[in-house]
Trainee: 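Next up is a structure, given as C-alpha cells.
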Amino acid sequence: MKAVELEKAYNPKDFEQRIYCKWKEAGEFRPRKSEKEHFSIVMPPPNVTGILHMGHALNNVLQDIIVRYQRMLGKPVLWVPGTDHAGIATQNVVERQLQKEGLRRQDLGREKFLERTWAVKEKHHDIIKSQLEKMGCSCDWDHERFTMDEGLSRAVREAFVTLYERGLIYKGKYLVNYCPKCGTALADDEVEYENVPGKLYDVRYPYADGSGYITVATTRPETMFGDTAVAVNPDDERYTDVVGKMLLLPLTDRQIPIITDRFVDKEFGTGMVKITPAHDPNDFECGKRHNLEQINLLNPDGTLNENVPEKYRGMKAEEARKLVVDDLEKGGYLVKITDHAHDVGHCYRCHTTVEPYLSEQWFVSMKSLADKALKAWKDGDIVFYPRRWENTYTHWMENIKDWCISRQLWWGHRIPVWYCQDCGKMIVSRTDVDECPDCHSHNLVQDSDVLDTWFSSWLWPFSTLGWPDKTPDFGQFFPTNTLVSAYDIIFFWISRMIMASEEFIGKAPFRDIVITGLVRDIQGRKMSKSLGNGIDPIEVIDKYGADAMKFTLCYLAAQGQDVMIDMDSFRLGSRFANKIWNATRYLLLNLEGRELVGIDRSKLSIMDRWIYSRLNAASASIRSAMENYRFNEAAQTIYSFFWNDYCDWYIEASKPRMLNGTDDEKNLAVSVLMDILEKSMRLMHPFLSFVTEEIYQKLPNHKGDVISASYPEYNAENDDAEADRLVGMMQEASRAIRAARANLQIAPEKKLKVVIRLAEGKEADFLSEEKNLLKAFLSASDVIIDTASSEDVQGAFPVTSVGFEAFLFVRDAIDIEAETKRLSAEIEKNEALLAASEKKLSNENFISHAKPEAVEKERAKKAEFEEKISKAKEHIALLRSF
RNA sequence: GGAGGAUUAGCUCAGCGGGAGAGCGCUUGCCUUACAAGCAAGAUGUCACAAGUUCAAUCCUUGUAUCCUCCACCA
C-alpha cells in the first residue's frame with residue numbers, strides 16, 4: 001500500500017467549502033429512508049434584519065452536533081432551516097434607509113415600501129444562508145421556510161380564524177404599550193424596563209370650593225390634562241372627610257372628584273394619586289372600576305393632541321413636561337421636586353420610551369391556552385434541559401396576560417379581517433374576501449394592521465411541515481424532538497409554540513427543550529452592536545476554521561451557562577483540529593509498504609486491547625452526554641480520548657513496533673491504528689465535521705462518507721478492565737521514572753539502564769512483553785524486569801512508586817540534597833494522608849456506616865500511603881550511602 | 001417584592017457525598033524523522049463565609065456576603 005500524503009499544515013480553508021458543497025449535492029442533509037424512528041429539529045429562524053452573531057453560531061452549532069449524531073444513529077433526520085420576517089425590526093431597517101434619503105414610508109406608499117422590504121429580506125437571507133453553510137450546518141435546504149411564505153401565511157390565517165371562531169381572539173379599545181417611533185402597539189413582553197433617574201413632582205390641586213388644596217405626587221405632570229379623578233385609599237383616615245369633594249384641575253377649568261380605591265398605597269407620597277385612565281395601566285384599571293372618563297392626550301406619533309390646552313399641542317411629552325412644570329410653578333401649584341429613579345419602559349427594537357396608549361387593538365385571550373401548555377409540562381410531555389427553566393416557564397404561564405397581536409406596521413401578515421364600508425359588517429376569513437356576505441357590497445377594506453411577528457413564529461414547528469394540511473412531512477416529522485434555544489426567548493417564542501401546538505394539534509411541538517446560555521465577551525458583557533464587542537462568526541471561521549469554532553463553542557457550552565469568549569478562545573478548537581490533522585498525517589505516511597489485515601482479537605496486544613477499551617468507554621460516555629445534552633462533557637471526552645489516550649500513549653507506543661517489528665507485526669500495528677483512526681473520525685464527526693470528513697476520505701479503510709456512516713457503538717465486550725489496569729500501571733511507571741530523570745536533570749538523550757522490580761504476575765508479564773516500549777518511553781539503554789529480586793541494584797538511583805520499585809543506573813553526579821528534600825516532602829505529604837486515613841479506619845462509625853467498597857478502598861489507600869512512606873525512607877537511606 | 005444563576009489555580013471555566021480537575025498562562029528541559037498550534041516534567045487552591053445534617057461535606061440544608069439575569073411593582 002502507498003503512503004497518503006496530507007498537506008503539512010492543517011488549513012481548513014482548503015476543504016471546508018468544498019466538502020460542504022459535496023454533502024449538499026449528494027443530498028446528505030435530506031432525511032434518509034429508514035425504518036428507524038424519525039428525528040427532527042426546527043431551527044429557530046434568525047431575523048432577516050441582519051446577519052448572524054455568535055449567539056446564532058452557538059445555537060446552530062449545537063443543533064448541528066445533535067443532528068449529525070442522530071443521523072449517524074441511522075435515523076431519518078430532518079433539520080428545518082428558515083428565517084423570520086421580524087416585523088418591527090425589519091421595518092425599522094428599511095425606515096432608517098429611507099430616512100437617509102429624506103423619505104418616510106408614507107411617501108412611498110404601502111406597496112412600494114413592501115417591495116423595498118422584500119429586497120432587504122432577500123439580501124439578508126442570502127447572507128444568513130451562506131453563514132449557516134460556512135458554519136457547516138447540515139440542515140435540509142429543500143425544506144427551508146420563511147415566516148411570510150405562502151404556506152406559512154396560510155397557517156397564520158388558519159390560526160387566527162380558528163382562534164376567532166373559538167372565541168379566543170377579540171378586538172377592543174385598551175391601554176397598550178405603544179412605541180411612538182415605530183408607530184405601533186407592542187406586546188407586554190416587548191417592553192424592556194430600565195431604571196432611569198427622574199423627578200417626582202408634588203403638585204397642589206385646589207378644592208373647587210376654594211377651601212384649600214391637596215397635594216399629589218407625579219412623575220409625569222404633563223399627563224395631568226388627562227386626569228379624571230384623584231384617589232385615596234379607603235382606609236386612609238387622613239382623608240375620609242374629603243372623599244367626594246371636587247378639585248379644580250390646575251391649568252384647566254375642569255373639575256375632578258376625590259374617590260377611593262384600594263390600589264392606592266397610603267405610604268407613598270401624600271397618599272393621594274391623580275388618576276389618568278388613558279395614560280397609566282393602574283389608572284386605566286382604576287378608571288374602569290369607577291367608570292371614569294378616559295381622556296387620550298396623544299397623537300399616534302407621540303405628540304400631544306387636541307385634548308390638552310392649545311399651547312401644549314403638538315409637543316412631545318418631554319418638551320411639554322418642562323413647560324407644564326414652569327406653568328405650574330408660575331401658578332403656585334408646584335410644591336417641590338425630588339429626585340426619583342424609576343423604571344421606564346423602552347421599545348425592545350428601537351429603545352424609544354414607550355407610552356401607554358389607548359387604542360383599538362386585537363388580542364388573544366391567553367388563559368385557556370396557557371392552561372393547556374401548563375398541562376403539557378405537568379404531564380411530562382416537555383422537558384427542559386436544564387430543568388431549572390421550568391420555574392420560569394410555569395411562572396409565566398400562571399401569570400399570563402392577554403396578548404396584543406395587532407401592530408400598526410406594514411411589514412407582516414395582514415390581519416385577515418375585512419370591513420364592509422356599506423353595512424359595517426366585520427368579516428373574519430381564511431381566504432381573501434371581496435363581497436360582503438350580508439349586503440353583497442364589494443366596498444370592503446381589509447384591516448390595515450399586521451400581526452405580531454410571534455404570531456407566525458409560534459406556529460413554526462408545524463407550519464414549516466405543511467400544517468394545516470396533512471402533508472407527508474407533517475405526518476412523518478411532527479412532533480419534532482428537540483428545540484435548541486437561548487433563554488431570552490422562552491416567553492416570546494418557546495412558551496407560545498407550546499401553546500399553539502397544544503391548541504391547534506393537541507400535542508406538544510417537541511419534547512426536549514435545550515436552553516443554551518448567552519454568548520458574552522470576556523468581561524461578561526452581552527455582545528452587542530452598540531458596544532462593538534461582538535465577534536463575527538465568519539471572522540472566526542476565516543481565522544481558525546468552522547470546526548475550531550464549533551468544537552470550542554461545544555467545549556464551553558456547559559449546561560446553559562453563559563459562554564464568555566474572545567477571539568483567542570477559539571485557539572482551543574484550532575489546536576485540537578490541528579492535532580487530529582497531524583496525527584493522521586503521520587499515520588498515513590506510515591502506510592507505505594504495509595497491508596491492512598483483519599483484526600483478530602486473540603492476536604491483540606495489551607496495548608491494543610487497552611485502546612479499544614478506551615474507545616469503547618469514550619463512546620459510552622459520549623452517548624450518555626448526548627442523551628442529556630451535556631455538550632461540554634462530550635467534547636471533553638473526545639478531546640482526552642484522541643489527544644491523551646490515542647496520540648500521547650497509543651500512537652507513541654506503536655512507534656517501536658513500527659520501527660523494529662516484523663512485517664506481520666507492522667501490518668497488524670498499522671491495521672489497528674487505522675481501525676481506531678477510522679472509528680475516531682466517526683466518533684468525532686458531529687463535533688468536528690469538516691476535518692473528520694476530509695480525513696475520512698483519505699483513509700484506506702473508509703467506506704463512503706463519514707457524515708452518513710454509523711456512530712461507533714458501545715460494546716460491552718470491548719470493556720477490558722485488565723488492559724486498563726495493566727496499561728495504567730505502565731503509565732504510572734513511565735511517569736514516575738520520567739519524573740525522576742527530569743528531577744535528576746538527566747539529558748533526554750542519555751540512555752540509562754533501568755531495573756523494575758515487582759512480584760511475578762500479569763503486570764510483570766506485560767512489562768516483559770513491552771520491554772522495547774519501555775525502553776522508548778523511558779529513554780533507557782536496557783530495561784530489566786526483575787521478578788526474582790536478583791539484580792544487583794547497589795548504587796542505583798531508586799524510584800518511588802506503588803506496586804513496583806525501579807532503579808536508574810545513573811553514575812553522574814546527583815544532587816542528593818535536592819532529591820532528599822523532595823523525598824522528605826513526599827513523606828510529609830503521605831504521612832498526613834496516612835494519618836487521615838488511619839483516623840477514618842479507626843472510626844467505628846465509618847466501618848459500620850460506610851459502604852463496604854468505601855471501607856475497602858480506604859484500606860487500600862492506607863496501604864498505599866504506607867508503602868510510599870517506607871519506600872521514600874528507604875530511598876533516602878540509599879541516597880545517603882552514595 | 002418574587003424567581004434563578006454565579007462565587008473552585010494568575011485567567012476562563014468543568015466537576016463532585018469518600019485522597020481537588022481541564023484549557024490558557026507560568027517554570028524547567030527538549031526542534032525525539034505527525035504536530036513548537038508540539039513533547040516531557042513541574043509549581044500554584046482555607047473549592048466565598050458561617051452554622052447544620054452525615055461515619056464522611058468543595059458537593060446536601062439553612063443563613064450571610066458579593067456579583068449577574070429574569071419577572072412583578074413603582075403615583
Side-chain angles (χ1 to χ4, degrees), chain A residues 6 8-10 189 193 195 200-202 216-220 223 230-231 263-265 268-276 280 282-283 340-343 386 388-389 391-392 395-396 399 487-488 490-491 517-518 520 522 524 526 544 548 552 555-556 558-566 568-569 571-572 574-590 632-633 636 639-640 647-648 651-652 655 659 734-735 738-743 745-749 776-777 779 830 832-833 836-837 840 843-851 853-855 857-858 861 864-865:
Chain A
L6 287 188
K8 183 155 179 146
Y10 162 67
D189 46 18
Y193 290 90
N195 198 265
L200 190 63
Y201 304 87
D202 284 12
V216 296
T218 178
T219 52
R220 304 199 51 195
T223 63
V230 165
F263 98 92
V264 179
D265 177 359
F268 193 95
T270 56
M272 284 200 157
V273 190
K274 67 197 242 342
I275 302 298
T276 323
D280 180 275
N282 279 317
D283 296 2
H340 178 71
H342 61 300
D343 287 347
R388 65 181 127 92
W389 292 109
N391 283 340
T392 307
H395 183 261
W396 189 74
N399 295 283
Y487 57 74
D488 54 351
I490 291 179
F491 305 134
L518 302 178
R520 295 172 181 280
I522 212 80
K526 222 166 154 171
Y544 296 113
T552 304
Y555 192 93
L556 297 175
Q559 286 289 287
Q561 289 301 329
D562 288 351
V563 179
M564 299 217 235
I565 45 163
D566 61 10
D568 279 350
S569 309
R571 286 172 55 202
L572 170 72
S574 175
R575 284 170 58 253
F576 187 45
N578 180 61
K579 185 74 183 176
I580 296 169
W581 183 264
N582 276 295
T584 306
R585 177 163 177 269
Y586 163 76
L587 293 172
L588 292 182
L589 286 171
N590 274 285
N632 62 322
E633 283 184 19
Q636 281 164 29
Y639 188 93
S640 72
C647 292
D648 290 349
I651 295 180
E652 288 308 317
K655 282 178 178 174
L659 276 173
S734 303
R735 271 191 281 260
R738 289 200 286 227
R741 286 185 62 118
N743 286 331
Q745 303 201 307
I746 296 165
E749 65 275 11
F777 278 168
S779 183
N830 279 293
L833 291 168
S837 192
K840 229 181 206 182
N843 181 347
E844 275 305 316
N845 286 324
F846 174 65
I847 306 293
S848 53
H849 290 267
K851 282 177 288 185
E853 305 94 85
V855 178
K857 207 172 155 194
E858 198 55 45
K861 275 196 298 196
E864 199 174 289
F865 300 144

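All chains are named by letter (A, B, ...) in the order of the sequence lines, taking the proteins before the strands, and each is independently numbered beginning at 1.
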Trainee: With no hydrogens and no angle check, is any side-chain donor or acceptor of A:His849 less than 3.5 Å from a backbone partner on A:Ile847?
Mentor: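 Judged by distance alone, no pair lies under 3.5 Å.
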Trainee: Quote, to the nearest angstrom, the P distance that separates B:A43 from B:A22.
Mentor: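 Looking at atom P only, B:A43 and B:A22 are 12 Å apart.
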Trainee: Is a side-chain N or O of A:Arg571 found less than 3.5 angstrom from the main chain of A:Tyr544, in a donor-acceptor match?
Mentor: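 Such a contact is absent between A:Arg571 side chain and A:Tyr544 backbone.
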Trainee: C1' atom, B:A6 versus B:U12: distance in rounded Å?
Mentor: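 That atom pair is separated by 14 Å.
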Trainee: Between A:Asp343 (CG) and B:C71 (P), how many Å, whole number?
Mentor: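 Rounding to the nearest Å, CG of A:Asp343 and P of B:C71 are 11 Å apart.
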Trainee: Can you measure A:Trp389 atom CH2 to B:C70 atom P for me and round it to whole angstrom units?
Mentor: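 Taking atom P of B:C70 as the reference, CH2 of A:Trp389 is at 10 Å.
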Trainee: With A:Thr276, which residues qualify under side chain to side chain donor-acceptor pair (under 3.5 Å), at least two apart?
Mentor: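 Result, side chain to side chain donor-acceptor pair (under 3.5 Å) vs A:Thr276: A:Asp227, A:Lys274.
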Trainee: What nucleotide, of B:U69, B:G29, B:A34, holds the atom closest to the side chain of A:Ala583?
Mentor: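 Between B:U69, B:G29, B:A34, the one nearest the side chain of A:Ala583 would be B:A34.
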Trainee: Mapping A:Gln745 and A:Asn391 onto RNA chain B by nearest heavy atom, which one lands closer to the 5' end?
Mentor: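 The 5'-side residue here is A:Asn391.
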Trainee: Using a distance-only criterion (donor-acceptor N/O pair, under 3.5 Å, no hydrogens), is the base of B:A34 paired with the side chain of A:Glu652?
Mentor: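 Such a pair exists between side chain and base.
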Trainee: Would you kindly give the CD-to-P distance between A:Gln636 and B:C16, to the nearest whole Å?
Mentor: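 From A:Gln636 CD to B:C16 P: 11 Å.
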Trainee: Residues in salt bridge (charged side-chain N to carboxylate O under 4.0 Å, His left out) with A:Asp562, at least two apart?
Mentor: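 Counting only residues at least two positions away or on another chain, A:Asp562 forms a salt bridge (charged side-chain N to carboxylate O under 4.0 Å, His left out) with A:Arg520.
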Trainee: In chain order, what residues pass the salt bridge (charged side-chain N to carboxylate O under 4.0 Å, His left out) check against A:Lys857, with sequence neighbours excluded?
Mentor: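 With neighbours one apart ignored, the set is empty.
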Trainee: Centre of A:Tyr586's six-membered ring, under 6.0 Å away, within 45 degrees of the axis: is that where NZ or CZ of A:Lys655 sits?
Mentor: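 Yes, cation above the ring, under 6.0 Å and within 45°.
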Trainee: Tell me the interatomic distance from A:Arg520, atom CZ, to B:C70, atom C1', rounded to whole angstroms.
Mentor: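 From A:Arg520 CZ to B:C70 C1': 12 Å.
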Trainee: Could you provide the dot-bracket string of RNA chain B, using ( ) for intrastrand pairs, [ ] for crossing pairs and | for bases paired to another strand, with Watson-Crick or G-U pairs below 3.5 Å?
Mentor: (((((((..((((....[..)))).(((((.......))))).....(((((..]....))))))))))))....
Trainee: So, using salt bridge (charged side-chain N to carboxylate O under 4.0 Å, His left out) as the criterion, who are the partners of A:Glu858 when residues are at least two apart?
Mentor: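 Applying salt bridge (charged side-chain N to carboxylate O under 4.0 Å, His left out) to A:Glu858 gives A:Lys840, A:Lys861.
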Trainee: Using atom CD of A:Glu633 as one end and atom P of B:C13 as the other, report the distance to the nearest whole Å.
Mentor: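 In whole Å, B:C13 P and A:Glu633 CD are 18 Å from each other.
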Trainee: For A:Ala558 and for A:Leu589, find the nucleotide of RNA chain B with the closest heavy atom, then tell me which residue's nucleotide is more 5'.
Mentor: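 Checking each residue's closest nucleotide, the 5'-ward one belongs to A:Ala558.
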Trainee: Who are the side chain to side chain donor-acceptor pair (under 3.5 Å) partners of A:Asn391, not counting sequence neighbours?
Mentor: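 If we apply the side chain to side chain donor-acceptor pair (under 3.5 Å) test to A:Asn391, skipping adjacent residues, there are no hits.
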Trainee: Which whole-number value in Å describes the distance from A:Tyr586 OH to B:C35 C1'?
Mentor: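 Spelled out: OH on A:Tyr586 to C1' on B:C35 is 12 Å.
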Trainee: List for me each residue that meets salt bridge (charged side-chain N to carboxylate O under 4.0 Å, His left out) alongside A:Asp189, sequence neighbours excluded, and say none if there are none.
Mentor: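 In terms of salt bridge (charged side-chain N to carboxylate O under 4.0 Å, His left out), with neighbours along the sequence ignored, A:Asp189 is linked to A:Arg496.
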Trainee: Could you state the CE-C1' distance from A:Met564 to B:C67, rounded to the nearest angstrom?
Mentor: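 Going from A:Met564 (CE) to B:C67 (C1'), I get 11 Å.
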Trainee: So which nucleotide from B:G23, B:G18, B:A14 ends up closest to the side chain of A:Tyr555?
Mentor: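 For A:Tyr555, the side-chain atoms sit closest to B:G23.
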Trainee: Indicate, with a heavy-atom threshold strictly under 4.0 Å, whether A:Phe576 touches base, sugar-phosphate, or nothing.
Mentor: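 If one applies the 4.0 Å heavy-atom cut-off, A:Phe576 turns out to touch nothing in the nucleic acid.
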Trainee: Students often get this wrong, so: under 4.0 angstrom with heavy atoms, is A:Leu572 touching a base, only sugar-phosphate, or nothing?
Mentor: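 A:Leu572: backbone/sugar contact only, no base atoms under 4.0 Å.
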Trainee: Would the base of B:C68 count as contacting A:Asp562 through its side chain, where contact means a donor and an acceptor less than 3.5 Å apart?
Mentor: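 In this structure, the two groups form no donor-acceptor pair.
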Trainee: Whole angstrom is fine here: how far is it from CD in A:Gln561 over to P in B:C67?
Mentor: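 A:Gln561 atom CD is separated from B:C67 atom P by 19 Å.
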Trainee: What residues, two or more places apart in sequence or in another chain, satisfy side chain to side chain donor-acceptor pair (under 3.5 Å) together with A:Asp568?
Mentor: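 A:Asp568 satisfies side chain to side chain donor-acceptor pair (under 3.5 Å) with no residue once adjacent residues are dropped.
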Trainee: Treating A:Arg220 as the side-chain partner and A:Asp280 as the backbone partner, does any N or O pair qualify as donor plus acceptor under 3.5 Å?
Mentor: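 No, the answer is negative, given that no donor and acceptor are paired below the 3.5 Å cut-off.
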Trainee: Check nucleotides 37-42 of chain B for protein N or O atoms closer than 3.5 Å to its own N or O atoms and list the pairs.
Mentor:
unit_1 : atom_1 : unit_2   : atom_2 : d
B:A37  : O2'    : A:Asn578 : ND2    : 3.0
B:G38  : OP1    : A:Arg575 : NE     : 2.8
B:G38  : O3'    : A:Lys579 : NZ     : 3.2
B:C39  : OP1    : A:Lys579 : NZ     : 3.1
B:C39  : OP1    : A:Trp643 : NE1    : 2.5
B:C39  : OP1    : A:Asp648 : OD1    : 3.4

Trainee: Anything under 3.5 Å between a protein N or O and an N or O of nucleotides 54-60 of chain B, put it in a table, one pair a line.
Mentor:
unit_1 : atom_1 : unit_2   : atom_2 : d
B:C55  : OP1    : A:His849 : ND1    : 3.3
B:C55  : O2'    : A:Asn843 : ND2    : 2.7

Trainee: List in chain and number order the residues that pass side chain to side chain donor-acceptor pair (under 3.5 Å) with A:Asn578, two or more places apart in sequence or in another chain; answer none if no residue qualifies.
Mentor: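 Partners of A:Asn578 under the side chain to side chain donor-acceptor pair (under 3.5 Å) test: A:Asn582.
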Trainee: Distance between the C1' atoms of B:C26 and B:U64, in whole angstroms?
Mentor: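 It works out to 36 Å between them.
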Trainee: With sequence neighbours left out, what residues match A:Tyr487 under ring-ring contact (aromatic ring centres under 6.0 Å, His included)?
Mentor: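 ring-ring contact (aromatic ring centres under 6.0 Å, His included) check on A:Tyr487 returns A:Trp389.
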Trainee: Expressed as a whole number of Å, how far does the C1' atom of B:C24 sit from that of B:A14?
Mentor: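 Per the computed distance, 14 Å lies between those C1' atoms.
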Trainee: Mind checking the C1' distance from B:A65 to B:U53? Whole angstroms is fine.
Mentor: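 Roughly 23 Å separates the two C1' atoms.
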Trainee: Pick the P atom in B:A9 and in B:C49, then give their distance to the nearest Å.
Mentor: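 Approximately 11 Å lies between the P atom of B:A9 and that of B:C49.
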Trainee: Say we look at B:G18 and B:U54: how far apart would their C1' atoms be, to the nearest angstrom?
Mentor: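 One C1' to the other, the span is 12 Å.
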